[in-house]
2 protein chains.
Amino acid sequence: MVQIPNTPTSADVARLAGVSRATVSYVLNNTSAVRISEPTRRRVHEAARELGYVPHAAARSLRAGHSRMVLMPAPAIPVGPLYSGFLNELQWALGRLDYTVVQYGTVGLQGDEAARAWAELRPVAVLVPGAELGPRGVGVLKRSGARAVVTLGPERVEGAHALLMDHDAVGQCAGAHLYARGRRRIGVVVPEESGLEAYSRPRLAGVRQALHGTDATVTGLPLAYTEESAAQLAARWRESGLDAVFAYNDEYAMLLMRALQDAGVRVPEDVALIGADDLMLGRLLRPRLSTVHIELPSGRDLAELVDRAVRDPGGEPEVHKVLGASVVQRESS
Amino acid sequence: MVQIPNTPTSADVARLAGVSRATVSYVLNNTSAVRISEPTRRRVHEAARELGYVPHAAARSLRAGHSRMVLMPAPAIPVGPLYSGFLNELQWALGRLDYTVVQYGTVGLQGDEAARAWAELRPVAVLVPGAELGPRGVGVLKRSGARAVVTLGPERVEGAHALLMDHDAVGQCAGAHLYARGRRRIGVVVPEESGLEAYSRPRLAGVRQALHGTDATVTGLPLAYTEESAAQLAARWRESGLDAVFAYNDEYAMLLMRALQDAGVRVPEDVALIGADDLMLGRLLRPRLSTVHIELPSGRDLAELVDRAVRDPGGEPEVHKVLGASVVQRESS
DNA sequence: TTGAAAGCGCTACCAG
DNA sequence: CTGGTAGCGCTTTCAA
């Protein structure tokens with residue numbers, strides 16, 4: 001008869017060590033309320049090692065009534081070095097506080113659907129970037145035991161803590177800068193790629209805010225991330241009469257700069273150009289690209305906010321504005 | 001007395017609907033083995049909706065003895081559009097097959113430690129990019145009930161399925177191309193950033209392989225992703241006597257191209273330059289950057305491999321070479 | 001110092 | 001067609 005290698009449970013460990021399951025639990029969890037003799041401890045550890053015992057997280061949190069899982073939806077779009085670094089720091093900091101960070105691959109699930117799927121995992125906290133969550137979603141999560149729901153996005157959501165990453169500020173920075181440089185007919189690139197609206201809309205709005213009440217005009221410029229699209233935009237440039245452009249971010253800025261230069265439009269003489277995100281590539285362009293440097297909150301601070309919220313779930317939702325934006329002027333503006 | 005809003009269980013639904021927990025389970029899972037009257041179904045659904053009931057995934061999979069969770073470690077470094085697209089497609093395809101994809105934030109855990117942490121979640125399958133997993137880790141996962149372990153990396157691991165993404169091929173492509181262009185003293189950029197060795201080492205090795213037995217020389221060029229580092233490298237260029245360089249990828253190529261041009265070294269006349277990954281930015285450089293285009297496997301194929309492996313856990317590990325590499329020649333080489 | 005046993009939420013077998 | 005119930009793996013009182 002073939003023995004199928006079933007995955008060992010704490011009962012197996014107990015049997016092998018010749019003790020009860022309770023004792024195994026005490027030993028492996030270092031329960032301080034109970035004192036177990038040294039020889040017994042050793043036998044238990046030995047048995048666990050020999051069997052390759054790994055505790056069953058689901059069973060544990062079922063029994064405990066709560067988990068230490070912090071859930072985030074996995075980003076669907078490639079994420080830049082800035083945000084990636086932020087995520088790493090956050091994961092590290094939460095790890096230090098003994099939380100487990102899990103990114104949930106939410107594909108094609110919309111709004112409350114997604115919230116329900118997340119809730120099935122009974123996370124102790126949920127961090128949601130962008131605007132993927134409404135008040136009802138927050139309700140679902142909280143009723144399922146999430147002790148903290150934090151949104152990282154443009155606006156706060158009822159019932160949830162919020163790290164307001166207000167991309168208006170990025171546009172305001174750029175707009176004010178271009179105005180200060182004497183430009184009055186200002187274009188703002190709006191990527192046609194989907195998934196970017198959450199950032200592009202407020203960035204455009206920010207430029208409008210900064211220039212409201214002045215003699216400057218603001219024009220949205222739809223642009224796909226392709227050479228053709230950029231070439232078309234550049235071909236119509238002179239008739240547009242624009243003398244400055246905020247290019248959404250450094251990558252779109254590079255695309256547009258190249259197209260403009262190929263079309264004989266000079267940067268910055270004919271048109272001032274500024275990007276955002278302060279990527280390395282901006283420094284490598286000629287002329288060097290001006291950009292809006294963005295400062296994200298520290299992952300450690302967010303981790304502490306989460307921990308605070310988990311410990312005091314009744315507390316008032318905290319709302320922090322956390323997006324710092326400042327112009328780095330180089331040669332293109 | 002304040003009523004703490006406890007999260008509703010199927011028992012609560014049963015109570016409200018005036019049926020048993022079993023009936024609730026049957027109705028909500030559409031169990032086909034039993035037939036429930038339409039009025040009862042309606043009452044159950046009604047009650048579930050009213051309470052905002054969300055099933056408890058951990059309890060369910062504890063009972064079932066298995067989950068539908070596919071676990072991947074979350075990438076620690078920012079991931080390019082190519083790999084990001086691959087991940088999305090994979091998640092989508094696995095979602096279609098009714099799996100749930102979860103990326104586990106593995107911070108600071110090494111090798112078998114990490115494998116144990118993953119195993120605690122009892123995933124039905126584990127996908128591991130890179131070389132983060134040894135044979136012992138595979139053993140831990142399998143003994144914990146993982147029915148499929150798939151590595152996506154440079155070499156196969158005993159006991160696991162493997163999607164061989166052999167970055168040697170990238171280097172070979174580049175090396176052969178530069179040789180064919182008449183270059184004989186070939187440099188290969190090796191990024192100093194940690195976490196990239198898994199790719200940079202085989203890419204360098206591939207160049208060596210391609211040029212083995214010829215009259216060409218191959219020199220590794222350590223380079224950090226900073227302007228200073230690139231400037232230093234460029235300053236020593238003429239004395240190095242190199243007439244070609246494979247720059248690891250397009251981003252390092254852009255960095256190096258700029259530094260070389262600033263130092264008065266002409267591309268491609270003095271030095272031929274080729275990158276890899278076929279990013280948009282390569283097309284925007286002047287001269288346009290030659291590159292090695294990399295073809296990843298389709299996410300759908302990998303999803304099917306996973307599904308196959310889950311259904312037939314006893315099957316021989318499949319090993320596929322899945323990395324296609326081809327040169328896209330532009331102007332820099 | 002150790003063990004017996006209850007029970008977390010859920011599903012599936014078997015009776016009625 | 002519906003309900004009672006056992007039990008998944010684990011922790012934690014309570015008793016010995």
Side-chain angles (χ1 to χ4, degrees), chain A residues 6-45 47-48 51-69 119-124 143-145, chain B residues 6-45 47-48 51-69 119-124 143-145:
Chain A
N6 243 328
T7 106
T9 73
S10 76
D12 297 322
V13 177
R15 203 151 29 234
L16 182 56
V19 300
S20 76
R21 280 150 66 227
T23 305
V24 171
S25 177
Y26 292 143
V27 170
L28 296 184
N29 294 310
N30 267 318
T31 308
S32 52
V34 189
R35 306 205 55 77
I36 304 284
S37 69
E38 201 46 52
T40 306
R41 305 183 82 84
R42 205 192 316 285
R43 283 218 313 288
V44 169
H45 276 123
L51 292 175
Y53 170 71
V54 176
H56 192 308
R60 173 180 302 186
S61 63
L62 180 58
R63 167 66 223 225
H66 61 261
S67 73
R68 299 287 288 177
M69 180 193 301
E120 291 191 3
L121 296 187
R122 297 291 193 272
V124 69
R143 245 174 297 120
S144 312
Chain B
N6 244 327
T7 105
T9 73
S10 76
D12 296 322
V13 177
R15 204 150 27 234
L16 181 56
V19 299
S20 77
R21 279 151 63 228
T23 304
V24 170
S25 175
Y26 292 143
V27 170
L28 296 184
N29 294 310
N30 266 318
T31 308
S32 51
V34 283
R35 307 198 54 77
I36 305 284
S37 71
E38 202 45 53
T40 306
R41 307 182 80 85
R42 204 193 319 284
R43 283 218 313 286
V44 169
H45 277 124
L51 293 175
Y53 170 71
V54 176
H56 192 308
R60 175 181 303 189
S61 63
L62 180 58
R63 167 66 225 228
H66 61 260
S67 74
R68 298 286 289 176
M69 180 194 300
E120 291 191 3
L121 296 187
R122 297 290 192 273
V124 69
R143 245 175 296 120
S144 310

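Chain letters run A, B, ... following the sequence lines, proteins first, then strands; residues in each count from 1.
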To the nearest 0.5 Å, what is the distance between [atom1] on [X] and [atom2] on [Y]?
X      : Y     : atom1 : atom2 : result
B:R63  : A:L62 : CZ    : CG    : 13.0 Å
B:T40  : B:H45 : OG1   : NE2   : 12.0 Å
B:S144 : A:Y53 : OG    : OH    : 10.0 Å

Please report the distance, rounded to the nearest Å, between [atom1] in [X] and [atom2] in [N].
X     : N      : atom1 : atom2 : value
B:I36 : D:dG3  : CD1   : P     : 8 Å
B:Y26 : D:dG3  : OH    : C1'   : 9 Å
B:H56 : D:dG9  : NE2   : C1'   : 13 Å
A:R21 : D:dT12 : CZ    : C1'   : 12 Å
A:R35 : C:dG3  : CZ    : P     : 17 Å
B:L28 : C:dA12 : CG    : P     : 13 Å
A:R15 : D:dG9  : CZ    : P     : 11 Å
A:H66 : C:dC8  : NE2   : C1'   : 12 Å

Short side-chain N/O contact to C:dG9 OP1/OP2 from B:S10, under 4.0 Å: no

What nucleotide, of [options], holds the atom closest to the side chain of [X]?
X     : options                : result
A:Y53 : C:dT2, C:dC10, D:dC10  : D:dC10
B:S37 : C:dC10, D:dC10, D:dC1  : D:dC1
A:R63 : D:dG4, C:dG7, C:dT2    : C:dG7
B:L62 : C:dT11, D:dG9, D:dG3   : D:dG9
A:R60 : C:dC13, C:dT11, D:dT11 : D:dT11
A:T9  : C:dT2, C:dG9, D:dC10   : D:dC10

Sidechain-backbone polar pair: B:S20 side chain, B:T23 backbone, donor-acceptor under 3.5 Å: yes

Polar side-chain atom of B:R122 near backbone of A:P55 as donor-acceptor pair, under 3.5 Å: yes

Sugar-phosphate only, base, or nothing, as touched by B:V19 at under 4.0 Å among non-hydrogen atoms: sugar-phosphate

Sugar-phosphate only, base, or nothing, as touched by B:T40 at under 4.0 Å among non-hydrogen atoms: sugar-phosphate

Along DNA chain D (nearest heavy atom to each residue), the more 5'-positioned of A:A11 and B:A22: B:A22

